[in-house]
Amino acid sequence: MKSHNRHPFRFLLVCLLAGVLVTGCQKITPPETPSETLPSPAPSIILAEATPTSTAISPSSTPSPQASPTTKPTAEDTVAVPTLTTTAYAPDSKVLSRANADRLQEVARYGTGAANDIALSSDGLLLGVATDIGAYFYNSLNFQLLRLIPTSYPVRAIIFSPNNQFVALAQYPNRIKVFQRYDFLEIAQLFFSIESLPEDYTISGAFTPDSSLLISAARSTDDLIINRWNTGSWRPLGVQTFSAGEAAFFNQQVGVYGVLDDTNLNLLSLYYPEDVRSVSLPTDLPESYWENFIDLQGDVTPSTDGGFLILNSGSSVTHWQISSETTSYQLTDYPGRLPDPCYQAPNTCLNTAGGYSWECEESTPTPPIETTAMTPDNIMMLISLNTGKSEFKRASDGQLAWEINAHFTDLSFSPGGEFFFGLTPDGVIEKRSTVEGKLIISMHRHPQSLLSLAYSPDGSVLAGGYSDGWIRFFDTNNGQELGVLFGTAQSLQFSPDGQYLAAGLTNGIVRIFDLEKGQYDDLQPAHQGSVTDLQFSPGGSQILSGSKDCTARLWDVTNRNLIETIYPDRQNPFQITAVEQAPSSQLPYFTGNRIGVYAWGETNPQEVLLPEDDQLNDIGFSPDGSTFALTGDATWLLHYDAEEGLSSPEALTLYSDNVGQALRFSPDSTTLVVATNDSLEIYDTLTKSLLATYPYKDRFQQNNETIPLDISSNGLQLAVGGQNGMIHIFAIP
């Protein structure tokens with residue numbers, strides 16, 4: 001027990017790697033050896049339990065976690081998480097300080113990458129998953145990993161040839177790599193023209209039905225560029241530019257590419273560049289229909305024989321027999337559009353006037369219908385909804401066959417239509433039967449996003465909270481995955497002694513994992529909104545949590561009970577995005593969607609307002625307690641005094657689109673690291689000057705505002721999370 005108290009992570013490793021249930025420890029599969037290219041075939045994947053058994057410290061107050069049949073499959077359905085891809089870490093790195101901040105380098109990366117695209121081979125035997133770090137190929141029967149093809153550029157689409165001879169990887173920004181289907185030997189690298197396209201565009205592709213040609217389509221808001229290659233010689237056959245239209249699709253089976261504009265459906269032959277046929281749009285669809293189609297970014301699903309189309313306007317589904325001037329039927333039993341989540345908050349956020357105290361920026365509306373897909377025989381269609389459900393309906397008349405509580409962003413049917421693969425918004429890939437939608441097997445290998453990061457006190461372990469419902473642990477010496485714990489954690493923090501890991505979950509629960517005893521406890525009552533941040537008190541006896549329900553709560557760690565619920569501003573509540581406690585006192589500070597920092601103490605609450613109307617995303621004290629930092633629309637520093645509180649803010653950055661999302665101080669308090677939308681920025685806290693900038697846009701960030709950041713307490717590592725689900729490790733070699 002003495003060794004456990006000194007090194008609680010050793011017990012964690014024993015518990016997690018043993019693959020057994022020990023008073024609540026998660027049963028997992030022993031990790032595989034990480035490599036850049038996996039052997040073919042890879043070892044079989046062992047099934048593991050998706051839902052851990054919980055032994056609560058206070059049984060009367062903590063309910064057992066319940067698994068959802070659609071998002072948390074049972075042990076028989078779920079493939080265990082393997083060790084993630086890593087690169088070597090420099091163990092002799094230096095401690096980050098103002099003297100060496102300009103020598104920071106990315107030295108390692110953990111993760112398999114989020115799925116950009118899933119595709120099934122023509123024979124239905126291979127499932128391809130495109131990620132920013134390469135393409136993964138799995139046995140479609142059991143999700144056994146067969147091959148990883150690492151790439152230097154993000155893979156946006158995987159294209160299988162109908163004759164099962166080729167597989168092509170369309171990579172951002174302008175290349176396609178072609179491999180032999182059976183041995184994955186690279187046979188060609190092709191480049192396509194994108195000169196007239198802006199940065200924001202999509203890439204898709206298809207082979208002709210006889211596999212003689214490969215066609216790529218690069219499409220932006222305005223332009224569509226088509227490239228063709230001969231698969232015998234891989235010579236380019238020319239480039240064509242068209243108007244992008246409002247929606248586009250490949251119909252590989254009949255050899256056409258369809259573009260839907262405001263007046264026509266234009267069918268482009270994949271074989272002959274000059275062969276373009278135009279069909280007038282249905283006359284019974286009013287102008288308002290197409291306005292809604294454009295506003296909600298609708299799409300089109302073609303039947304495999306080319307006879308009809310399913311038009312998804314985002315809020316309705318329409319069947320159009322192409323030869324007819326009118327549509328066959330329209331399904332409209334869906335909301336016009338989904339509510340703006342910015343204004344979806346619990347009653348604890350209502351102000352004295354009965355409304356919300358914040359104004360939401362105008363955003364792209366979320367369409368009620370996410371996507372549609374057709375069975376290969378054109379008899380049935382799958383409609384996946386952003387409300388969390390999916391419907392399986394007869395294509396000819398829209399008659400419902402079954403409905404399930406599952407939501408997919410990408411779909412692919414088997415050649416015979418017996419089952420389909422669906423990619424969930426969280427990054428879980430599910431294989432389901434088309435008979436009644438029953439889950440056959442699921443895979444948690446490509447979580448869509450990384451929500452939180454936390455180093456252990458001794459710096460030996462890094463924990464990451466992922467969107468797919470797991471908290472993953474990594475050995476910081478070699479990047480090897482150590483195990484997983486259960487929970488979708490938007491915030492994570494280890495206790496000062498390392499015995500506990502606190503997880504703020506998206507469902508409002510604050511979960512405390514006792515790493516030494518191998519059990520966890522859910523604190524009650526739960527928040528009514530996602531737990532966006534939490535912090536242990538300096539002695540580890542209390543936890544402060546902040547939530548989107550506009551409240552903060554102070555918890556007793558020892559007794560697992562609520563001490564106090566804090567309402568920072570009852571007149572004008574705000575959703576809390578970060579919490580912090582002053583090192584020299586118990587005075588907590590909060591920030592959220594408002595233009596300042598709120599301090600709550602035994603006396604009257606105080607608010608430190610900024611000179612400008614700033615949105616703040618993160619706050620933090622320096623380890624020596626002398627400096628307080630804020631980041632959001634700009635980054636600010638304030639001097640802190642235990643008696644006088646915070647000084648007037650001093651801006652470090654000018655206002656720009658480069659919004660700060662997270663910040664951390666170096667252990668010696670001399671530098672401040674800010675993770676923005678585009679880069680890591682390091683500042684000297686004494687001179688208030690910028691020491692170094694490390695751009696990462698187009699490398700591992702896209703447009704995600706969730707950019708978790710943490711620095712190990714020894715100052716040897718800095719971890720930042722990307723939208724592609726990867727963890728990027730920086731150090732001073």
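- More than 12 heavy atoms of other residues, nucleotides or ligands lie within 6.0 Å of CG in D397, so this atom counts as buried by the packing criterion.
- Summarising the geometry of F250 relative to S204, their closest heavy-atom pair is CE1-OG, 3.4 Å, with the distance given to 0.1 Å.
- Shown here for G111 and Y136, the closest heavy-atom pair between the two residues is O-OH, 4.4 Å.
- Residues R181 and D123 are paired through a salt bridge, judged by an N-O separation under 4.0 Å between the basic side chain and the carboxylate.
- Ion pair D468/R445 not flagged as a salt bridge, since none of the NZ, NE, NH1 or NH2 atoms sits closer than 4.0 Å to an Asp/Glu carboxylate oxygen.
- In this structure, the side chain of T409 engages the main chain of L423 through a donor-acceptor pair within 3.5 Å.
- Salt bridge K438/E436: absent, no basic N to carboxylate O contact under 4.0 Å.
- Checked against side-chain contact (heavy atoms from CB on, under 4.5 Å), T332 has the following partners two or more places apart in sequence or in another chain: S316, Q330.
- Contacts of P335 classified as side-chain contact (heavy atoms from CB on, under 4.5 Å), with partners at least two apart in sequence or in another chain: L338, P368.
- In this structure, Y201 and N174 approach most closely via the heavy-atom pair OH-N, 4.4 Å.
- When side chains are defined from C-beta on, Y466 does not count as touching I471, because their heavy atoms never get closer than 4.5 Å.
- Residue Y153 qualifies as open at atom OH: its count of foreign heavy atoms under 6.0 Å is 12 or below.
- Within the 4.5 Å cutoff, the side chain of V178 has no heavy atoms near those of the V167 side chain.
- Residues satisfying the side-chain contact (heavy atoms from CB on, under 4.5 Å) criterion with T301, sequence neighbours excluded, are I310, T372, M374.
- Shown here for I707 and N677, the closest heavy-atom pair between the two residues is CD1-CA, 3.9 Å.
- A cation-pi geometry, defined here as NZ or CZ lying under 6.0 Å from the six-membered ring centre and within 45° of its normal, does not hold between R147 and F137.
- The shortest distance between side-chain heavy atoms of L331 and T318 does not fall below 4.5 Å.
- A 6.0 Å sphere centred on CD of Q344 holds more than 12 heavy atoms belonging to other residues, nucleotides or ligands.
- Checking side-chain atoms of N386 against main-chain N and O of P367 turns up a donor-acceptor pair under 3.5 Å.
- Here the side chain of Q321 pairs no donor or acceptor atom with the backbone of T327 at under 3.5 angstrom.
- Across all non-hydrogen atoms, the minimal contact from S452 to P708 is CA-CB, 3.7 Å.
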